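First comes the structure, then the notes that go with it.
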Number of protein chains: 2
Amino acid sequence: MELAAAKLKFIEAWGKLGSEWGINRTMAQVHALLLISAEALTTEEIMENLSISRGNANMTLRDLIGWGLIEKQHKAGERKEYFFADKDVWNIARQVAKERKKRELEPVLKVLTELSTVEGDEKDPEFKTFKKSINDINKLANNVDKTLETMLKAEESWFWGSVLKVFK
Amino acid sequence: MELAAAKLKFIEAWGKLGSEWGINRTMAQVHALLLISAEALTTEEIMENLSISRGNANMTLRDLIGWGLIEKQHKAGERKEYFFADKDVWNIARQVAKERKKRELEPVLKVLTELSTVEGDEKDPEFKTFKKSINDINKLANNVDKTLETMLKAEESWFWGSVLKVFK
DNA sequence: ATAAACTTTCAATAATTATTGAAAGTTTAA
DNA sequence: TTAAACTTTCAATAATTATTGAAAGTTTAT
């Protein structure tokens with residue numbers, strides 16, 4: 001396979017993966033493009049490469065900056081903004097984990113905590129089932145939360161070392 | 001809060017969480033409803049409870065069965081089908097991990113493996129960047145895959161015991 | 001102050017995804 | 001074999017989400 005074809009294939013695969021996990025496909029594609037580019041790219045180049053409009057490119061780039069996955073670069077004597085992605089895959093994983101934890105896991109934990117205080121008739125099977133499910137989910141969610149917390153603080157080698165020890 | 005209100009709140013939160021993670025909102029809501037129901041429910045009851053149509057309820061229930069999250073039950077002397085959810089939260093987590101691994105992670109691993117064989121000019125920065133990114137992502141994806149594999153085989157207590165040991 | 005170069009916004013539109021509901025299909029009982 | 005009870009299908013429609021593109025906004029150089 002040619003490099004050009006391989007790039008297209010990667011962009012497509014990354015875009016698909018993103019959309020399956022609740023991340024806008026275009027955003028994942030722009031991220032993919034920047035990940036495999038040696039040089040920082042302009043909005044213009046990104047638009048052209050992925051055949052997307054200026055407005056879309058602009059909003060997507062803002063979003064990616066908001067996720068901490070890409071940064072702006074300025075070149076001396078030029079007015080254009082250039083964009084490049086952090087290439088450290090471990091940083092990317094942490095950044096995504098951090099944002100999704102904040103945006104999605106934490107709100108759910110809050111609701112679960114609230115729901116686990118609901119009082120009712122201990123004799124009522126409906127109440128007992130509700131309470132048990134909520135408590136069980138709550139425990140699991142807290143374990144996930146703790147694990148992510150550790151991951152956010154960890155060095156890659158240490159984290160995978162610790163986790164993979166489990167497998168021997 | 002009343003039990004009824006708490007149920008609604010949980011169904012809403014579970015549905016939102018699902019949709020943020022690429023799972024159809026209605027599917028997550030039906031799952032939530034069955035998770036907190038002491039009794040198995042009929043299609044009719046589910047339709048009514050969530051205000052959804054018969055067709056939607058039917059397809060969603062099939063999907064949930066396909067994900068291994070709910071099962072049918074038959075009651076003696078009745079023709080109706082009843083549905084109930086596995087209440088073991090660890091089983092649910094494993095089942096979801098198993099399906100998503102199969103449906104999404106594995107196809108991506110396949111593409112990455114293919115892309116990591118691309119040959120090119122080692123002097124070309126574009127080629128070098130591409131190759132490095134693909135290799136790095138490949139390694140991370142394989143670590144995730146191994147971790148999920150272990151999770152699928154593990155007992156809950158053993159798994160979290162091992163993982164949480166990391167935190168002390 | 002003006003204009004060129006560039007970025008941002010957002011209402012309109014397109015594309016995608018989910019839902020409905022009625023007709024067709026199936027199973028069971030008599 | 002008929003009909004009632006129940007399930008499935010799927011074309012039409014609705015709801016949601018993403019994208020466009022042109023106008024407005026901003027910055028910089030002269």
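Proteins get letters first, then strands, A, B, ... in listed order; numbering begins at 1 in each. Note that the structure is a prediction, hence the values are computed from the model and not measured.
The separation between A/I46 atom CD1 and D/dT19 atom C1' is 16 Å, rounded to whole Å. Straight-line distance from the CD atom of B/E44 to the C1' atom of D/dC6: 9 Å, rounded to whole Å. Taking atom CE of residue A/M47 and atom P of nucleotide D/dT20, one finds them 9 Å apart after rounding to whole Å. Atom NE2 of B/H74 and atom C1' of C/dT26 are 13 Å apart (whole Å). Protein atom NZ of A/K72 is 12 Å distant from nucleotide atom C1' of D/dT26, rounded to whole Å. With rounding to whole Å, B/M59 atom CE is found 9 Å from D/dC10 atom P. Residue B/I65 contributes atom CD1, which lies 11 Å from atom P of D/dT7 at whole-angstrom precision. One can place CD of A/E78 at 13 Å from P of D/dA29, the figure rounded to the nearest angstrom.
Figure legend: A/R25 and A/W14 shown without cation-pi pairing, the cationic atom not lying both under 6.0 angstrom from the six-membered ring centre and within 45 degrees of its axis. Both cation-pi conditions hold for B/K75 and B/Y82: the charged atom is under 6.0 angstrom from the six-membered ring centre and inside a 45 degree cone around its axis.
Contact annotation for A/S19: no contact, since no heavy-atom pair falls under 4.0 Å across all strands. Across all strands, B/T42 comes closer than 4.0 Å to no nucleic acid atom at all (heavy-atom distances).
B/F159 and B/W90 have tilted rings, their planes meeting at an angle from 30° to 60° on a 0 to 90° scale. Relative orientation of the A/W21 and B/W21 rings is perpendicular, given thresholds of 30° and 60° on the angle between their planes.
Between A/D88 and A/I92 the shortest side-chain heavy-atom distance does not fall below 4.5 Å.
In this structure, A/T43 does not reach the C/dC6 phosphate: none of its side-chain N or O atoms is under 4.0 Å from OP1 or OP2. Considering only side-chain N and O atoms, A/N56 lies nowhere under 4.0 angstrom from the phosphate OP1 or OP2 of D/dG21. For A/N58 and C/dT8, the shortest distance from a side-chain N or O to OP1 or OP2 is below 4.0 Å. Phosphate proximity of C/dA18 to B/R25: absent, as no side-chain N or O sits under 4.0 Å from OP1 or OP2.
Contact of B/R54 with C/dT20 (side chain to base): no donor-acceptor pair of N or O atoms is detected under 3.5 Å.
Comparing B/S51 and B/R79 along DNA chain C, the residue whose closest nucleotide (by nearest heavy atom) sits nearer the 5' end is B/S51.
Distance from the side chain of B/E81 is smallest for D/dT8 among the nucleotides C/dT9, C/dG21, D/dT8. Taking the side chain of A/K80 as heavy atoms from C-beta on, and the options C/dC6, D/dA18, C/dT19, the nearest nucleotide is C/dC6. With distances taken from any side-chain atom of B/R62 to the nucleotides D/dT8, D/dT28, D/dC6, the minimum falls on D/dT8. Of the candidate nucleotides D/dA4, D/dT20, C/dA18, C/dA18 has the atom nearest to the side chain of B/T26.
Following chains of ILVMFWY side-chain contacts shorter than 4.5 Å, one cannot reach A/M59 starting from A/I70, and the two form parts of different hydrophobic clusters.
Base pairing of C/dG21: its partner is D/dC10, meeting the Watson-Crick or G-U wobble criterion (both donor-acceptor distances under 3.5 Å).
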